[in-house]
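Shown next, in structure tokens, is the structure this report addresses.
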Amino acid sequence: MVGNWKMALRPSQAHRLAQELAVQRLPVSCDIVVCPSFTALSLVRHSLGSSRLILGAQDVFGEVRGEHTGAVAVGDLREFGCRYVILGHSERRRDVNETDAEVNKKCLVAIGHGLSPIVCVGESRVERQRNIQTGVVARQVLRALHNLPPPRHGQEIVIAYEPIWAVGAEEPAEPEEVMTMAAVVHQALVDALGERLTDKHTRIVYGGSVFPDNVRSFIDRQNIHGVLLGRASQNVTTLVNLLKVLG
Ligand code: PGA
């Protein structure tokens with residue numbers, strides 16, 4: 001489970017949410033990653049303490065160092081204890097015109113410096129209406145992973161299939177459709193990395209309007225290994241209820 005807190009929580013709120021989560025009995029069978037905003041990383045890290053929750057960030061800059069005002073370096077994320085980083089979320093592709101080439105640079109930086117990227121891919125509503133979603137999504141995966149060195153021990157590549165029209169929406173995508181697209185993502189991973197690395201170092205998750213009442217329909221499906229949550233991860237009761245279903 002990946003929780004994307006976006007910029008929904010101020011640092012003090014993120015701190016409190018992490019403190020509340022850290023004392024819950026959470027399912028041991030589930031890896032739980034929470035991704036606060038950069039400004040909350042340090043506080044959240046401290047509130048997670050020695051709990052099983054894993055820290056992730058919502059983005060990273062595509063260069064390791066240099067003169068880049070306002071950017072956040074991969075080394076900083078490592079120093080804050082992050083193990084995962086969300087890349088290419090549709091909101092960044094929309095807000096700052098992030099391209100597949102930039103997502104690829106960020107992916108290389110993340111893998112090169114010990115982070116596990118969570119690469120978001122997904123078609124727009126128009127692309128789905130034109131029935132070109134499989135090509136769009138396969139291309140996004142291949143471009144994001146272009147020239148990627150093999151992940152090292154303990155590292156993985158997570159692909160989050162998030163159709164843009166289902167993110168922050170009323171309804172998620174149909175589970176059958178998600179399964180079809182997860183198979184497309186799986187094949188693109190095999191094309192990019194080969195069978196062995198795909199089996200050993202990748203997971204596919206679904207994101208877009210997942211809540212406690214619909215999460216069950218997305219898990220235990222072929223090629224779907226978990227979920228990426230926005231709203232449902234930003235409230236302790238909702239998140240704990242959802243995790244109970246996963247556990
Ligand atoms: P949502 O957001 O769960 O609120 O739809 C999902 C996401 O951040 O991708």
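Just follow the structure's listing: the first ligand is 1, and inside any ligand the first atom is 1.
Using a heavy-atom distance under 4.0 Å as the criterion, the protein contacts of ligand 1 are Asn4, Lys6, His89, Glu162, Ala166, Val167, Gly168, Gly208, Ser209, Leu228, Leu229, Gly230, Arg231.
Within a 6.0 Å radius of CG in Asp220, no more than 12 heavy atoms belonging to other residues, nucleotides or ligands are found. Taking a 6.0 Å sphere around CZ of Arg130, one finds it holds 12 or fewer heavy atoms contributed by other residues, nucleotides or ligands.
Ile164 and Ser90 get closest at one heavy-atom pair: CG1-CB, 3.8 Å.
Here Ser42 pairs with nothing under the side-chain hydrogen bond (donor to acceptor under 3.5 Å, both in side chains) rule; sequence neighbours left out.
A salt bridge does not link Glu156 with Arg83: none of the charged nitrogens is closer than 4.0 Å to a carboxylate oxygen. Classification of Asp59 and Arg92 as a salt-bridged pair holds, one side-chain N sitting under 4.0 Å from a carboxylate O.
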